[in-house]
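Structure, as structure tokens:
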Amino acid sequence: MKPLEIIEDFFVPLKMDNVDTDQIIPARFLKSTTRDGFGKNLFRDWRYENDDEEKPKKDFILNQPQYKGSILVAGKNFGCGSSREHAAWALKDYGFTAVVSSFFADIFKNNALNNAVLPVIVTDSFLEKIFAQNNEATLTISLPKQTITIDTTKETESFEINSYKKECLLNGYDDIDYLLSIKTEIEQYEQKSTK
Amino acid sequence: MGQTLFDKIWNKHIVKTINDGPSVLYIDKHLIHEVTSPQAFAGIKERRLKIFRPKQIVATADHNVPTVNQHLPIKENLSRIQVETLINNCAENDIELYGLGHLYQGIVHVIGPELGITQPGMTIVCGDSHTSTHGAFGCIAFGIGTSEVEMVFATQCLLQTKPKQMRINVNGELNKGVFSKDIVLYILSKISASGATGFAVEYAGSTIRNLSMEARMTVCNMSIEMGARCGLIAPDETTFNYLKGKPFAPKNDAWTNALNEWKKLFSDDDAVFDEEININAADISPMITYGTNPGMGIGINDFIPAENTFTVNEKPAFKKALTYMGLQEGCAIKGQKIDYVFIGSCTNSRIEDLRLVANFVKGKQKAADVEVWIVPGSKQVERQAMEEGIDKIFKAAGFQLRQPGCSACLGMNEDKIPAGKYCISTSNRNFEGRQGAGARTLLASPLMAAAAAITGKITDVRDLLK
Ligand code: SF4
């Protein structure tokens with residue numbers, strides 16, 4: 001995994017609560033046996049009329065060229081529903097490196113972290129402040145400091161992240177590396193618990 | 001201080017805890033299917049690792065499989081490749097696979113319990129959010145992503161932070177025509193689709209105690225729809241009787257020993273929960289959803305809420321949902337015409353569900369312009385249905401009994417609901433496009449679905465029960 005530190009970029013505001021992973025990546029695109037290429041189907045049914053790439057839905061935010069950037073800002077309970085990691089792969093493949101919301105579904109949060117897409121949890125009021133910005137505004141997310149800043153207004157909020165996960169992201173480690181390093185302890189546990 | 005059921009199982013499975021970090025949780029059983037495993041197998045290969053404990057893994061093919069002519073090769077190319085990839089991966093790694101054609105094949109959350117693979121006190125994971133189903137046996141069972149599948153392949157462990165704990169007590173007798181599906185849809189309508197995020201939920205109370213094993217699975221199945229990490233019910237005689245004699249249940253002395261351990265699995269009287277919710281069973285009527293998340297449910301005789309009952313932030317999602325569903329705020333849902341009926345999925349496709357529906361439709365006929373699909377959860381359920389003559393009852397009623405799989409629950413195979421059509425479904429998700437692009441899903445219990453099949457519209461099942 002590539003290490004992650006500071007993200008300073010424009011953002012795409014998706015003002016919708018309860019965005020489920022079936023919307024992020026519909027089931028019919030889960031038939032791949034690799035992790036690549038999901039970005040083009042991100043929010044597929046919100047993006048196109050009748051599944052037709054020639055017919056983008058103009059009112060959907062990803063189809064509005066004035067909104068760009070590698071940060072997605074979404075309403076609360078983002079990523080609920082299916083555990084499909086394809087949702088995190090699709091966001092990443094599309095080019096998002098962070099998702100900001102006031103609330104994330106559990107499994108999605110883990111999946112995002114495991115793919116170096118940073119879930120940034122802000123308060124409802126801070127989320128409102130971000131949504132109130134125009135498309136010229138940028139955000140700065142600092143993982144080392146655990147802060148998110150609206151650059152135009154300089155308003156800042158700190159966010160929570162498990163210190164272990166933070167270390168992993170900063171160094172580009174993943175959980176498997178850690179788990180493999182304690183394999184002897186796992187074997188000892190197994191012996192003890194079958195006794 | 002006393003321990004909760006969750007604490008007891010959790011503590012027993014901790015290999016170690018990282019300072020100011022997550023715990024290393026040991027996983028007893030790992031269930032896999034064709035959709036969320038290929039990338040994990042590939043990852044293991046890339047890292048030049050071996051599967052650590054292949055004997056603790058059980059695989060099945062369910063999401064992609066056709067529900068007619070299962071003896072023929074899968075027509076759809078990508079689906080076939082995914083299923084074949086699973087077959088190869090299992091063969092290469094010495095993993096037990098109950099694939100197409102196997103006596104035990106079926107939806108992963110149906111076969112685990114019916115084979116006795118799922119047992120009290122275990123930790124169980126699967127790359128599938130409805131793994132919460134298995135918690136009905138008093139185990140910690142939760143869905144994981146593909147990276148986590150890879151971790152379990154490599155080490156039989158996961159890094160987990162301990163969730164908060166909630167207890168939902170349901171007490172009293174259920175009204176006529178009200179089933180476990182209604183209980184869970186009712187809870188969802190009260191606490192919303194995010195109401196239990198970050199929690200492990202234990203269901204307790206006299207109503208839950210009186211539910212059969214299969215009915216308990218329906219409740220735990222939908223824990224994830226509240227955002228819960230998992231759902232659990234303390235094991236009791238109902239659990240033990242269900243498990244006894246199942247193919248993978250312990251036998252003889254091992255059974256006696258297991259039983260002794262299982263009987264210790266309950267929340268102590270002085271155990272403390274972070275949150276506790278009390279529900280009166282008498283308040284629950286047959287439920288139906290009107291929107292595009294499972295929390296958007298109402299009693300059959302209630303009205304779709306008005307827009308002005310929502311906060312500013314909630315309004316866009318509410319309006320979008322109603323537009324998608326083609327329904328009006330403030331209106332009744334009873335009487336809404338439907339086009340399809342789907343009775344299946346890991347929520348409601350077990351033999352009890354099929355029996356209940358068969359009893360109800362015996363001698364009745366489906367409405368002329370409605371298509372009715374009954375998809376059993378497993379080969380075993382299918383076989384049992386045939387043995388009991390349930391297949392004939394369905395046939396006479398004009399219901400199609402198909403072959404086991406996930407089917408129209410998520411429409412990954414050919415079983416899709418066409419755009420704009422209404423489907424009353426016993427599955428667990430009414431998300432936009434879940435049953436096919438543009439499909440409109442109304443979630444309900446099997447009997448509510450059967451009643452709608454007969455009348456062709458959303459009906460209060462109690463009007464048809466004598
Ligand atoms: S039946 Fe539906 S919810 Fe259950 S495992 Fe299959 S796709 Fe998932």
Side-chain angles (χ1 to χ4, degrees), chain A residues 15-23 26-28 30-35 44-46 50-51 75-77 80-89 103-108 110-115 124 127-128 162-165 167 174-176 178-180 182-183 185-186 188-190 193, chain B residues 12 15-16 18 20-22 24 26 35-36 38-39 42-43 47 49 52 63-64 78-79 81-82 85 127-129 142-148 150-151 154-159 161 163 193-194 197-198 224-225 227 229 293 295 313-314 316-317 320 410-412 429 431-434 437-438:
Chain A
K15 289 182 204 171
M16 187 65 65
D17 288 352
N18 298 315
V19 174
D20 60 79
T21 52
D22 271 78
Q23 307 317 314
R28 61 184 185 283
L30 305 186
K31 299 190 182 191
S32 169
T33 51
T34 67
R35 291 177 199 236
R44 181 80 189 195
D45 293 333
W46 287 0
N50 301 323
D51 212 4
K76 77 160 195 267
N77 201 23
C80 59
S82 157
S83 60
R84 58 189 71 163
E85 193 162 317
H86 313 65
W89 299 336
F103 199 92
F104 289 97
D106 248 2
I107 305 179
F108 173 80
N110 276 339
N111 288 340
L113 285 167
N114 285 333
N115 287 280
D124 284 320
L127 190 66
E128 285 308 305
N162 177 314
S163 56
Y164 163 82
K165 268 291 169 198
E167 278 304 302
D174 59 22
D175 286 359
I176 293 199
Y178 174 76
L179 290 170
L180 288 170
I182 60 156
K183 215 148 176 185
E185 287 171 74
I186 296 173
Q188 281 163 357
Y189 166 88
E190 283 181 325
S193 64
Chain B
K12 230 182 154 174
V15 176
K16 68 183 283 184
I18 302 173
D20 191 25
V24 178
Y26 189 81
V35 180
T36 54
Q39 293 88 350
R47 291 174 198 258
L49 295 170
F52 185 50
H63 282 63
N64 264 309
L78 292 173
S79 296
I81 294 172
Q82 231 176 24
T85 305
D128 194 288
S129 56
F142 55 96
I144 56 177
T146 298
S147 294
E148 293 170 309
E150 194 175 325
M151 291 172 209
T155 66
Q156 206 58 35
C157 286
L158 280 175
L159 284 160
T161 42
S194 59
T197 302
I224 183 67
E225 311 311 338
R229 182 87 61 87
N293 79 52
N313 287 333
E314 291 166 344
K320 191 170 193 297
L410 90 167
M412 258 188 104
R429 287 187 175 142
F431 297 151
E432 281 185 33
R434 173 81 179 179

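We name chains A, B, ... by the order of the sequence lines, and we start the count at 1 in each one.
Proximity to chain A (any heavy atom under 4.5 Å) is restricted, for K12(B), to the backbone atoms N, CA, C and O. Heavy-atom distances place no part of N50(A) under 4.5 Å from chain B, backbone and side chain included. With a 4.5 Å cut-off on non-hydrogen atoms, T33(A) touches chain B through its backbone and its side chain both. With a threshold of 4.5 angstrom between heavy atoms, N115(A) approaches chain B through side-chain atoms but not through N, CA, C or O. With a 4.5 angstrom heavy-atom cutoff, N18(A) touches chain B only via side-chain atoms. Heavy atoms of A42(B) lying under 4.5 Å from chain A are absent altogether. Heavy-atom distances place both the backbone and the side chain of E185(A) under 4.5 Å from chain B. Of the atoms belonging to N64(B), it is side-chain heavy atoms, and not backbone ones, that fall under 4.5 Å from chain A. T146(B) touches chain A through backbone and side chain together, each having a heavy atom under 4.5 Å away. Proximity to chain B (any heavy atom under 4.5 Å) is shown, for D106(A), by both the backbone and the side chain. At a 4.5 Å heavy-atom cutoff, the contact between L410(B) and chain A is made by backbone and side-chain atoms alike. Of the two parts of F52(B), only the side chain, counted from C-beta on, holds a non-hydrogen atom closer than 4.5 Å to a non-hydrogen atom of chain A. Of the two parts of R429(B), only the side chain, counted from C-beta on, holds a non-hydrogen atom closer than 4.5 Å to a non-hydrogen atom of chain A. Neither the backbone nor the side chain of F108(A) comes within contact range of chain B; no heavy atoms are under 4.5 Å apart. I107(A) touches chain B through its side chain: at least one heavy atom from C-beta onward sits under 4.5 Å away, while N, CA, C and O do not. Of the two parts of I144(B), only the backbone, made up of N, CA, C and O, holds a non-hydrogen atom closer than 4.5 Å to a non-hydrogen atom of chain A. Both the backbone and the side chain of D175(A) come within less than 4.5 Å of a heavy atom of chain B. With a 4.5 angstrom heavy-atom cutoff, V15(B) touches chain A via backbone and side-chain atoms both.
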request  = Evaluate the side chain to side chain contact (heavy atoms under 4.5 Å, CB included) criterion for residues D20(A) and N293(B): first the C-alpha distance (whole Å), next the side-chain angles of each, then the deciding distance (0.1 Å), finally the verdict.
outcome  = CA-CA 9 Å; D20(A) 60 79; N293(B) 79 52; over 6 Å; no

query = What do the steps show when you test L180(A) against L49(B) for side chain to side chain contact (heavy atoms under 4.5 Å, CB included), and what is the final call?
reply = CA-CA 10 Å; L180(A) 288 170; L49(B) 295 170; 3.9 Å; yes

task = Report the C-alpha separation of Y189(A) and V24(B) in whole Å, then their side-chain angles, then the decisive distance to 0.1 Å, and conclude whether the side chain to side chain contact (heavy atoms under 4.5 Å, CB included) test is met.
result = CA-CA 11 Å; Y189(A) 166 88; V24(B) 178; over 6 Å; no

ask   = What do the steps show when you test I176(A) against E150(B) for side chain to side chain contact (heavy atoms under 4.5 Å, CB included), and what is the final call?
value = CA-CA 8 Å; I176(A) 293 199; E150(B) 194 175 325; 3.5 Å; yes

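Residues G21(B) and Y164(A) approach most closely at CA-CB, 4.2 Å, considering heavy atoms. The shortest non-hydrogen separation linking D22(A) to F431(B) is OD1-CD1, 3.5 Å. S129(B) and S82(A) make their closest contact through OG-CA, 3.7 Å (heavy atoms, listed as atom of the first residue, atom of the second, distance).
Listed options L158(B), T161(B), V35(B) were ranked by heavy-atom pairs under 4.5 angstrom with chain A; first place goes to V35(B). Of the listed residues (E167(A), R28(A), R84(A), M16(A)), the greatest number of heavy-atom pairs within a distance under 4.5 Å of chain B belongs to M16(A). Note: E128(A) leads E128(A), Q188(A), K165(A) in heavy-atom pairs under 4.5 Å with chain B. Between chain B and the options G81(A), A87(A), S32(A), S163(A), heavy-atom pairs under 4.5 Å are most frequent for G81(A). Residue with the most contacts toward chain A among Q39(B), M412(B), K16(B): Q39(B) (heavy-atom pairs, distance under 4.5 Å).
K320(B) has its side chain within reach of W46(A): a pair of non-hydrogen atoms, C-beta onward, lies under 4.5 Å apart. A heavy-atom distance below 4.5 Å is found between the side chains of S194(B) and F103(A). Annotation: side chain of D45(A) is not in contact with side chain of E432(B) (no heavy-atom distance under 4.5 Å).
Between the K31(A) side chain and the I81(B) main chain, no donor and acceptor come within less than 3.5 Å of each other. E85(A) places a side-chain N or O within donor-acceptor distance of the main-chain N or O of S147(B), the cut-off being under 3.5 Å. With Q82(B) contributing its side chain and L30(A) its backbone, the two residues share a donor-acceptor pair below 3.5 Å.
Distance check, rounded to the nearest 0.5 Å: CD of E148(B) to CG of N114(A) gives 5.5 Å. From Y26(B), atom OH reaches atom CD of E190(A) across 3.0 Å, with rounding to the nearest 0.5 Å. Between atom SG of residue C157(B) and atom CG of residue L179(A) there is a gap of 6.0 Å, rounded to the nearest 0.5 Å. Rounding to the nearest 0.5 angstrom, the gap separating the CG atom in L113(A) from the CG atom in L159(B) is 12.0 Å.
For the residue pair K183(A)/T155(B), the side-chain donor-acceptor check at 3.5 Å is not satisfied.
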